[in-house]
Amino acid sequence: GGAGWLHEEFHRAVMSRFHVNSFNGMNKWPIGQELVAVNSVTDEDLIRFKKESPYDFIRLPAAGIEGGYQLIDKLQRENFFYDQHLSHEVLYFMITINSALYVQLSANPDKVDKKVDEMNKIETEISDRDFTGFDFSAWVYDLFKPTQPYEERGIHPSGNGIDRYIKTTDLTSEELSYLKKQGGLQWLNMISPMLFLQKSIKINADFRFNFAVRNYLTSFGNDISLNVFLKMKKRNVILRYHHAKNYHSDFPAIEAELFEQPFTFLENDFLLSPRIIFGVQPKNQSFFTKEPEFLGYAGCRVDWALKQVHPWVEMSAKTDGWIAGNEFLNNNFSFKVGLSARFK
């Protein structure tokens with residue numbers, strides 16, 4: 001239930017940035033329900049959203065599985081660096097397999113088209129409809145048509161509102177083929193010893209490591225990354241190589257992060273977590289361009305390490321570009337404060 005709720009909240013986070021109100025159907029505890037909607041979304045808001053920021057709109061339906069993979073990443077890094085020996089493997093498998101199957105399902109005419117017809121018959125009121133229907137048929141539809149006005153999807157079969165849900169018959173053969181390819185590539189997320197009970201690979205007493213492959217669907221196509229977790233004495237290091245790809249070209253980037261490095265200042269204990277990214281992505285997040293654009297990110301979080309409670313501050317700056325878990329596609333400076341609790 002928690003992972004499903006998180007999936008829907010990542011959709012809602014993208015919409016909230018553009019002042020689109022919505023409701024998470026997981027809050028109704030829909031036990032046994034086949035599909036759960038993010039509803040209470042107006043057509044007018046969706047029309048405006050796509051017009052204002054078409055590439056955020058493309059990211060919107062893919063954001064749910066982005067949230068799931070972010071959860072796995074957070075649990076894996078804490079399990080590894082703090083040697084927790086917590087058995088999260090069932091959750092890793094559930095999120096990864098469900099995400100991969102969902103992408104593949106969205107390209108299946110026998111499943112999607114019949115279900116869309118059923119939903120359209122039932123959901124005569126606009127407020128009852130999901131914001132997009134099957135996430136990834138919608139994702140690939142707008143990926144290939146970023147400038148198409150949202151209202152050109154046509155009128156809902158009931159005659160009330162816009163026909164939001166994309167069937168496989170609404171996709172060109174090229175779009176459907178690309179979606180099927182991305183469904184297959186989702187299984188790259190299974191490549192990690194941490195999914196198969198190997199929480200840490202020990203080299204010697206002072207050095208151990210582990211790794212994971214992630215494949216995210218993005219605003220411009222997809223991003224495949226190799227994530228390496230290194231524990232070297234008292235240093236926790238994460239290195240990532242990103243291989244982003246749109247329809248025509250490849251765009252590499254590298255990332256380095258120091259995770260919760262202890263230090264003392266004025267007799268107080270702190271944890272320092274700096275992170276940098278630099279490389280290239282498609283210019284203007286375009287799916288079709290061959291032209292690169294610089295991607296840069298620098299950020300740092302500092303936790304005040306009290307006994308159980310950790311107040312923290314975080315600052316970050318980024319150029320234009322997609323970064324997993326970061327809600328901004330545009331250039332941005334962020335300042336955050338928070339409070340975490342830790343129990344041994």
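Heavy atoms only: backbone and side chains are in, while hydrogens, waters and symmetry mates are out.
Tracing side-chain contacts under 4.5 Å through hydrophobic residues (I, L, V, M, F, W, Y), one never reaches V237 starting from I254; they form parts of separate clusters. Tracing side-chain contacts under 4.5 Å through hydrophobic residues (I, L, V, M, F, W, Y), one reaches L71 starting from L101; they form part of the same cluster. Under the 4.5 Å side-chain heavy-atom criterion for grouping Ile, Leu, Val, Met, Phe, Trp and Tyr, L272 is connected to L306 within one hydrophobic cluster. Under a hydrophobic clustering in which Ile, Leu, Val, Met, Phe, Trp and Tyr are joined whenever their side-chain heavy atoms come within less than 4.5 Å, directly or via other members, V103 and L105 fall into the same cluster. Cluster membership check: L258 shares its hydrophobic cluster with F209, using side-chain heavy-atom separations under 4.5 Å among Ile, Leu, Val, Met, Phe, Trp and Tyr.
Residues H11 and D130 have side chains that never bring a donor and an acceptor to within less than 3.5 angstrom of each other. Checking N222 against N215 by side-chain atom types alone, a donor-acceptor pair falls below 3.5 Å. Side-chain N/O atoms of N236 and K231 include a donor and acceptor closer than 3.5 Å. In summary, the side chains of Q198 and N210 do not present any donor paired with an acceptor at a separation below 3.5 Å, with no hydrogens or angles considered. H156 and D43 share no side-chain donor-acceptor pair at under 3.5 Å. With 3.5 Å as the limit, one finds no donor-acceptor pair spanning the side chains of S286 and N284.
K318 contributes a side-chain N or O that, together with a main-chain N or O of F328, makes up a donor-acceptor pair within less than 3.5 Å. A donor-acceptor contact shorter than 3.5 Å links the side chain of N268 to the backbone of L266. A side-chain donor-acceptor contact under 3.5 Å links N246 to the backbone of H248. At distances below 3.5 Å, at least one donor-acceptor pair connects side-chain atoms of S137 with backbone N or O atoms of I166. The main-chain N or O of I65 is never found under 3.5 Å from a side-chain atom of Y102 such that the two would form a donor-acceptor pair. Between the D320 side chain and the N331 main chain, a donor and an acceptor come within less than 3.5 Å of each other. The closest donor-acceptor contact from the side chain of S316 to the backbone of A298 lies at 3.5 Å or more, if one exists at all. Using a distance-only test at 3.5 Å, with no hydrogens or angles considered, no donor-acceptor pair links the side chain of D117 to the main chain of K114. Counting only distance, with no hydrogens or angles, the side chain of S273 and the backbone of E260 share a donor-acceptor pair below 3.5 Å. Under a 3.5 Å cut-off, the side chain of R301 and the backbone N or O of L271 do not form any donor-acceptor pair.
Annotation: the span from D142 atom CG to T147 atom OG1 amounts to 10.0 Å, rounded to 0.5 Å. Going from atom CZ of F80 over to atom CD1 of I201 covers 8.5 Å, rounded to the nearest 0.5 Å. Between the CG atom of L188 and the OG atom of S225 there is a distance of 10.0 Å, given to the nearest 0.5 Å. In this structure, the separation between CG on L295 and CD on E255 is 9.5 Å, given to the nearest 0.5 Å. Rounding to the nearest 0.5 Å gives a distance of 8.0 Å between CD1 of I323 and NE2 of H242. Going from atom NE2 of H310 over to atom CZ of F270 covers 11.0 Å, rounded to the nearest 0.5 Å.
Put simply, the side chain of V36 does not reach to within 4.5 Å of the side chain of H7, judged on heavy atoms. Two residues are said to be in side-chain contact when any heavy atoms from C-beta on lie closer than 4.5 Å; I126 and R164 meet this criterion. Looking at heavy atoms from C-beta onward, W139 lies in side-chain contact with I58 at the 4.5 angstrom threshold. Residues K245 and L185 form no side-chain contact, since every pair of their non-hydrogen atoms from C-beta on lies 4.5 Å or further apart. Taking 4.5 Å as the limit, some side-chain heavy atom of K50 sits within range of a side-chain heavy atom of Q148. V309 places a side-chain heavy atom less than 4.5 Å from the side chain of P311.
Heavy-atom neighbours of K145 NZ from other residues, nucleotides or ligands within 6.0 Å: above the threshold of 12. Heavy atoms of other residues, nucleotides or ligands lying less than 6.0 angstrom from CE of M315 number 12 at most. The number of heavy atoms from other shown groups lying within 6.0 Å of CZ (F265) does not exceed 12. The neighbour count for R235 CZ, taken as heavy atoms of other residues, nucleotides or ligands under 6.0 Å away, does not exceed 12. The local environment of CH2 in W312 is crowded, with over 12 non-hydrogen atoms from other residues, nucleotides or ligands closer than 6.0 Å.
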Inset, instruction - Take S99 and N189, measure what side-chain contact (heavy atoms from CB on, under 4.5 Å) needs, and give me the verdict at the end. - result: CA-CA 10 Å; S99 297; N189 291 284; over 6 Å; no
Inset, instruction - Show your reasoning for whether side-chain contact (heavy atoms from CB on, under 4.5 Å) applies to M190 and I97. - result: CA-CA 8 Å; M190 295 292 292; I97 292 174; 4.3 Å; yes
Legend entry - Pair I224-V213, side-chain contact (heavy atoms from CB on, under 4.5 Å): steps then yes or no: CA-CA 7 Å; I224 300 172; V213 174; 4.1 Å; yes
Inset, instruction - Please lay out, stage by stage, how Q186 and F136 fare under the test side-chain contact (heavy atoms from CB on, under 4.5 Å). - result: CA-CA 12 Å; Q186 282 299 300; F136 304 103; over 6 Å; no
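Between V280 and F251, the closest heavy-atom pair is O-CB, 3.3 Å. Heavy-atom minimum distance, P61 versus A138: CG-C, 4.4 Å. Scanning both residues, P54 and P146, for their nearest heavy atoms gives CB-O, 3.2 Å. When all heavy atoms are compared, the tightest approach of E293 to K283 is CB-CA, 3.6 Å. For the pair S192 and Q76, the tightest heavy-atom approach, listed with the atom from each and the gap, is OG-NE2, 4.1 Å. Contact detail for Y69 and A100: the closest heavy-atom pair is OH-N, 4.3 Å.
M15 belongs to a hydrophobic cluster whose other members, connected by ILVMFWY side-chain contacts under 4.5 Å either directly or through intermediates, are V14, F18, V20, V38, V41, L46, I47, F49, F57, L60, F131, Y150, I162.
Residue pairs meeting the salt bridge (charged side-chain N to carboxylate O under 4.0 Å, His left out) criterion with at least one member in residues 93-110: none, sequence neighbours excluded. Screening residues 63-79 for salt bridge (charged side-chain N to carboxylate O under 4.0 Å, His left out) gives R59-E66, D73-R77, D73-R214, D73-R240, K74-E78, R77-E257 as the qualifying pairs, with residues at least two apart or on separate chains.
A salt bridge is absent between D170 and R153: the closest approach of a Lys/Arg side-chain nitrogen to an acidic carboxylate oxygen does not fall below 4.0 angstrom. A salt bridge links D45 with R48: at least one charged nitrogen is closer than 4.0 Å to a carboxylate oxygen.
Of the listed residues (Y55, F220, F144), just one forms a ring-ring contact (aromatic ring centres under 6.0 Å, His included) with F287, and that residue is F144.
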Using a 3.5 Å cut-off and no angle test, enumerate the donor-acceptor pairs between side-chain atoms of residues 176-183 and protein atoms at least two apart in sequence or in another chain.
unit_1	atom_1	unit_2	atom_2	d
Y178	OH	Q182	NE2	3.4

Check: residues 84-95 side-chain donor-acceptor pairs under 3.5 Å, at least two apart:
unit_1	atom_1	unit_2	atom_2	d
Q84	OE1	N79	N	3.4
H85	NE2	D83	OD1	3.1
E89	OE2	K199	NZ	2.9

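Under the rule for a side-chain hydrogen bond (donor to acceptor under 3.5 Å, both in side chains), the partners of H243 that lie at least two apart in sequence or sit in another chain are Y241, D250.
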